[in-house]
Trainee: 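One structure coming up, written as structure tokens, with questions to follow.
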Amino acid sequence: MARLTGAVPVVTTATEAVKPLTVGVGCRRGVSSEQIEAAVQQALGGRPLSDVHEVATVDLKADEAGLLAFCERHELPLRVFARADLAARPFVTRASEWVQQNVGVAGVCEPCALLASPRGQLIVPKTALNGVAVAVVEDRSWRT
């Protein structure tokens, strides 16, 4: 087919470029990018940050400087979900009374990660470190 069309055949494997992890992040106001990075690294448990496809959070954190700086430094897209979307799908292993009272949803990091990766499985439930909550979802359908 390549000879007929003049195309150059390329052989590749999809798994080389696949990033199967989505990280959900919730945080206190004013946390630094270093605090976010430490919490994410802890949640990843030794897996490389290069396995992360994107970061997801709630609309109240869309302008959080530390989160934006972390995503920019690691060239990760930040997906932002409206609180109404999180409230409609309250995927949480442990609801947070503080988050419910102050944000209006049962949790942030777990539902954000699961909404961002709907075919994924929660592999790291909410973990917290220095004002940053992180959950990790893996989409195993990306692997061959």
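FYI, side chains are in, hydrogens and waters are out, and symmetry mates aren't considered; it's all heavy atoms of this structure. Everything numeric here is computed off the predicted structure, so don't read it as measured data.
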Trainee: Is V134 close to V124 at the side-chain level, that is, under 4.5 Å between some pair of heavy atoms?
Mentor: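 Answer no - side chains too far apart.
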
Trainee: Quick check against the 3.5 Å criterion: does T57 have a side-chain atom that pairs as donor or acceptor with the backbone of V25?
Mentor: yes

Trainee: Determine whether V55 and V108 fall in the same hydrophobic cluster, where Ile, Leu, Val, Met, Phe, Trp and Tyr are linked whenever their side-chain heavy atoms lie under 4.5 Å apart.
Mentor: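 No; tracing contacts between hydrophobic side chains, which count when under 4.5 Å, never links both residues.
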
Trainee: What pair of heavy atoms forms the shortest contact from K126 to E110, and how long is it?
Mentor: N-OE2, 2.8 Å

Trainee: Should V31 and V23 be regarded as members of a common hydrophobic cluster, given that ILVMFWY residues are connected when their side-chain heavy atoms come within less than 4.5 Å of each other, either directly or indirectly?
Mentor: yes

Trainee: Say you draw a straight line from CG of L86 to CZ of F81; how long is it, rounded to the nearest 0.5 Å?
Mentor: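 Atom-to-atom, L86:CG and F81:CZ are 7.5 Å apart.
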
Trainee: Search all heavy atoms of A113 against all heavy atoms of G24 and return the closest pair with its distance.
Mentor: CB-N, 3.6 Å

Trainee: Could you work out, with salt bridge (charged side-chain N to carboxylate O under 4.0 Å, His left out) as the rule, every residue matching E34, not counting sequence neighbours?
Mentor: R73

Trainee: From L122 CG over to F91 CZ, what is the distance, rounded to the nearest 0.5 angstrom?
Mentor: 11.0 Å

Trainee: For the CD atom of E37 and the CD atom of Q41, what is their distance to the nearest 0.5 Å?
Mentor: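 Between E37 CD and Q41 CD, I get 5.5 Å after rounding to 0.5 Å.
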
Trainee: Should L114 and V105 be counted in the same cluster of Ile, Leu, Val, Met, Phe, Trp and Tyr side chains packed under 4.5 Å apart?
Mentor: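 As far as the 4.5 Å side-chain criterion goes, V105 and L114 are connected within one cluster.
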
Trainee: Can you name the closest pair of heavy atoms from I36 and G66 and give their distance?
Mentor: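 Closest pair (atom of I36, atom of G66, distance): CD1-C, 3.5 Å.
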
Trainee: Can you tell me how far the CD atom of E138 sits from the CD1 atom of I123, to the nearest 0.5 Å?
Mentor: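 Separation between the atoms: 4.5 Å.
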
Trainee: With salt bridge (Lys or Arg N to Asp or Glu O under 4.0 Å) as the criterion, how do R28 and E64 come out once you've worked through the C-alpha distance, each side chain's angles and the decisive distance to 0.1 Å?
Mentor: CA-CA 9 Å; R28 291 186 189 140; E64 190 65 45; over 6 Å; no

Trainee: Would you say Q100's side chain and A106's backbone share a donor-acceptor pair under 3.5 angstrom?
Mentor: yes

Trainee: Among residues two or more places apart or on two chains, list those pairs meeting side chain to side chain donor-acceptor pair (under 3.5 Å) that have a residue in residues 79-88.
Mentor: E54-R79, D59-R83

Trainee: Determine whether a donor-acceptor pair (N or O, by modelled atom type, separation under 3.5 Å) exists between the side chain of N102 and the backbone of W98.
Mentor: yes

Trainee: Please lay out, stage by stage, how L76 and F70 fare under the test side-chain contact (heavy atoms from CB on, under 4.5 Å).
Mentor: CA-CA 8 Å; L76 291 167; F70 168 78; 4.1 Å; yes

Trainee: Are V103 and L67 connected in a single hydrophobic cluster, I mean Ile/Leu/Val/Met/Phe/Trp/Tyr linked by side-chain heavy atoms less than 4.5 Å apart?
Mentor: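 No; V103 is not reachable from L67 via cluster members.
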
Trainee: Hey, are D139 and R119 close enough for a salt bridge, meaning a charged N less than 4.0 Å from a carboxylate O?
Mentor: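 Yes.
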
Trainee: Is there a chain of hydrophobic side chains (I, L, V, M, F, W, Y, each step under 4.5 Å between heavy atoms) that links V137 to V58?
Mentor: yes

